[in-house]
Structures are given as C-alpha cells and as structure tokens.
Amino acid sequence: MGQPQRIEEPFRKEHSRKIRKSIPSASKKIDTFSKVSEFQKEEVRRELLYSYMGLILKFGLLIVFATSLVNLGLASHQRVKRNLELSYLLEKESRKLHKLRLRFDEIFTNGGEQSFFKEQDQWITPNSVRVIWR
C-alpha cells in the first residue's frame, strides 16, 4: 500500500483558480487605494474649480449690478437737478408775468394812464409837449 493519491478534478481546479483570483494581493490593494485616492483628489479639484467659477460669476454679477446702480443714481441726480432748474425758471417767469399782469390791469383803472406816463418819464422830458394819437 502506498501513499494516498490526490485526485484532481476539473471542478476543483477551476474553483481554486477563482478563489485565488478573488483574493487580491498586496500590490493590487495598494493600486486600488491609489486609484481611489486619485479619484477623490480629482473630485476635490473639480469641486474647487466649480466653486471658483461660481465665485467669479457672483463677483461679475455684483459688478454689473453696482455699475447699473451707479448709472441709475447719476441719471436720477441729473433729472432732479434739471427739475429744480426748470421749477426755478418757472417760478421766476411766473413772478414776472404776475407783475406784468398787474401793470396791465393798472393801465385800465382810473388814472392808470397818468401813472403809466409818470413811469415813462425818462423817455419824455419834463415840461414838454406830449402828443397822444387816438
């Protein structure tokens, strides 16, 4: 009697190969971990890039809104200034019109003609003959 012989069956060979293949070696583990860490670093870089792009867009919009607000303020200031100028001129012309209207009304009152001539004395010398055409 000899030593017992080991019988190799094809099923056992394939199964043992699958088991060996499924057990990662140390180098494969390191390689997998390095790939995962590279993917994580890449994702962090990508998120950082996106956050920078978002920040740049926000600053751009802030600049656009600020310049628009400044331009709107300047235009409003110009309109208010013009409005004040026009209201001042309107008030001045209204006072002038009021004075002229009063003078015109005074001419047609009793003795208004004489007062009108008294106002015009610088044109007509005193003690001169005045001719009034009718």
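As the structure is a prediction and not an experimental result, all values here were calculated from the model. What you see below is based on every heavy atom in this structure, not just the backbone, and it leaves out hydrogens, waters and symmetry mates.
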Undergrad: Rounded to the nearest 0.5 Å, how far apart are OG of Ser94 and CG of Leu89?
TA: 10.5 Å
Undergrad: Among pairs that include at least one residue of residues 43-62, which meet side-chain hydrogen bond (donor to acceptor under 3.5 Å, both in side chains), considering only residues two or more places apart or in two chains?
TA: Glu42-Arg46
Undergrad: Under the 4.5 Å side-chain heavy-atom rule for ILVMFWY, direct or indirect, which residues accompany Leu84?
TA: Val80
Undergrad: May I ask you to list the residues sharing a hydrophobic cluster with Val70, side-chain cutoff 4.5 Å, ordered by chain and number?
TA: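 Cluster partners of Val70: Leu74.
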Undergrad: Apply the hydrophobic cluster definition, ILVMFWY joined by side-chain contacts under 4.5 Å directly or through others, and give me every member besides Phe65.
TA: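 The other cluster members (ILVMFWY side chains, heavy atoms under 4.5 Å, direct or chained) are Leu61.
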Undergrad: For Phe104, what residues pass the ring-ring contact (aromatic ring centres under 6.0 Å, His included) criterion, not counting sequence neighbours?
TA: Phe108
Undergrad: Can you pull the side-chain hydrogen bond (donor to acceptor under 3.5 Å, both in side chains) pairs that have at least one residue in residues 71-90, sequence neighbours excluded?
TA: none
Undergrad: Identify, with sequence neighbours excluded, every residue that meets salt bridge (Lys or Arg N to Asp or Glu O under 4.0 Å) alongside Lys96.
TA: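 Partners of Lys96 by the salt bridge (Lys or Arg N to Asp or Glu O under 4.0 Å) criterion, ordered by chain and then number, come out as Glu93.
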Undergrad: Within this structure, what is the CG-CG distance for the pair Leu62 and Leu57, rounded to the nearest 0.5 Å?
TA: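 Between atom CG of Leu62 and atom CG of Leu57 there are 12.5 Å.
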Undergrad: Under the 4.5 Å side-chain heavy-atom rule for ILVMFWY, direct or indirect, which residues accompany Val64?
TA: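 Noted: Val64 shares its cluster with no other residue.
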